[in-house]
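Structure, as structure tokens:
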Amino acid sequence: MGLNVIDVVVGILLQGGNQENGLPVLHSGNGGGSFLLAQRPDGKSYAGYWEFPGGKVEQGETLLQALQRELCEELGIEIVTAYPWLARSYNYAHGKVRLNFFRVTSWQGWLHGKENQSLSWQTTYGLTVSPVLPANEFIFRALQLPSLYAISNAAELGSELFLERLQDALGNGLKLVQVREPGYSREAMRQLSMDVVKMAHRYGAQVLINSDSELAKEVQADGVHMTGSQLDACQSRPDFPLCAVSCHSIEDIRRASRLGLDFVVLSPVLPTRSHPGAAHLGWNRFAQMAESSAIPVYALGGLYSEDMKIAWQHGAHGIAMLRHAW
Ligand SMILES: Nc1nc2c([nH]c(=O)n2[C@H]2C[C@H](O)[C@@H](COP(=O)(O)OP(=O)(O)OP(=O)(O)O)O2)c(=O)[nH]1
């Protein structure tokens, strides 16, 4: 960390939310879950602004130790479970800060404003308090993303069986789907994408189309999922509510976040059935690559829904699954 950058830890306390596909739920942004904001007290810079609890890291502290201390000082609680999430730098007039965000899902003790600050549980449906600290705006979008990103597998299952499985998954709370069928003709992709979008939208789920922006527009999908080579050629964020990309390096992740994309998928984390002997990242390397990401990173490659917690522990926003999603 450069000399003049102030390291800050930020705790996003999460509670509630609907089940997502029967998976452990960390927080489901669109499923009724809420998060805690606190109002900065008089005497601090940006007094009156709403922020997540947290503060500056003190010398000799790890990020997690700093978060424990701040949440104890500000809210009187002791963290039981916290997952590292995003990190982002921001230039304020008073200096450059590096914000290290954690998602805090369980704690002990009586939660109350120990510094006489107001507290408010908010949802991503729309904040009822304002203003919020300018560096935090992007976080509210990221909080809306679910833990599971399911990638279509119609070629292997057959379109009919795939759509049946999709319907079951949507009924169980699946909220984010990518249509990706490399072996399909354009016409077959168009037909499948139309069916997926129609079904997903009935359940309030969102659909991204792999690599084809024109098709995504044509079938009124919610976004496009770019390939790594499309990312290299991309000059500005495609015009969709959701834009994602497949990444294999830290440079890819940085580029995606400079373009203002919503999230990335980093792979392969573990060996997969389709590429059993191929090199894979493993969880430690995944964590090193994800740790400085300013946008959510989904882990992909050889994962099952049981791997969700280990993914969170290594800084993933959630997991992406192809074969095992259905
Ligand atoms: N706590 C917190 N700080 C944030 C958030 N977003 C954001 O840009 N910041 C910035 C504002 C400040 O420049 C810095 C945190 O500094 P602070 O003044 O709150 O730190 P502190 O609690 O250690 O306070 P102090 O002892 O220095 O008065 O990080 C956020 O969500 N929570």
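What you see below is based on every heavy atom in this structure, not just the backbone, and it leaves out hydrogens, waters and symmetry mates. First listed ligand is number 1; within each ligand, the first listed atom is number 1.
- For the pair K217 and F240, the distance from NZ or CZ to the six-membered ring centre is under 6.0 Å and the angle to the ring normal is within 45 degrees.
- You'll find the side chain of L133 stays beyond 4.5 Å of the side chain of Y90, heavy atoms only.
- The local environment of OH in Y304 is sparse, with at most 12 non-hydrogen atoms from other residues, nucleotides or ligands closer than 6.0 Å.
- Ring pair F263/Y298 is perpendicular by interplanar angle, where above 60° counts as perpendicular and below 30° as parallel.
- Pocket lining of ligand 1, defined as residues with a non-hydrogen atom under 4.0 Å away: V8, V10, R40, K44, E51, F52, G54, G55, K56, E70, E74, Y92, H94, V97, L99, L133, A135, N136.
- Within 6.0 Å of CD in Q220 there are 12 or fewer heavy atoms belonging to other residues, nucleotides or ligands.
- For the side chain to side chain contact (heavy atoms under 4.5 Å, CB included) with M226, the qualifying choice from C234, S246, S213 is C234, the only one to do so.
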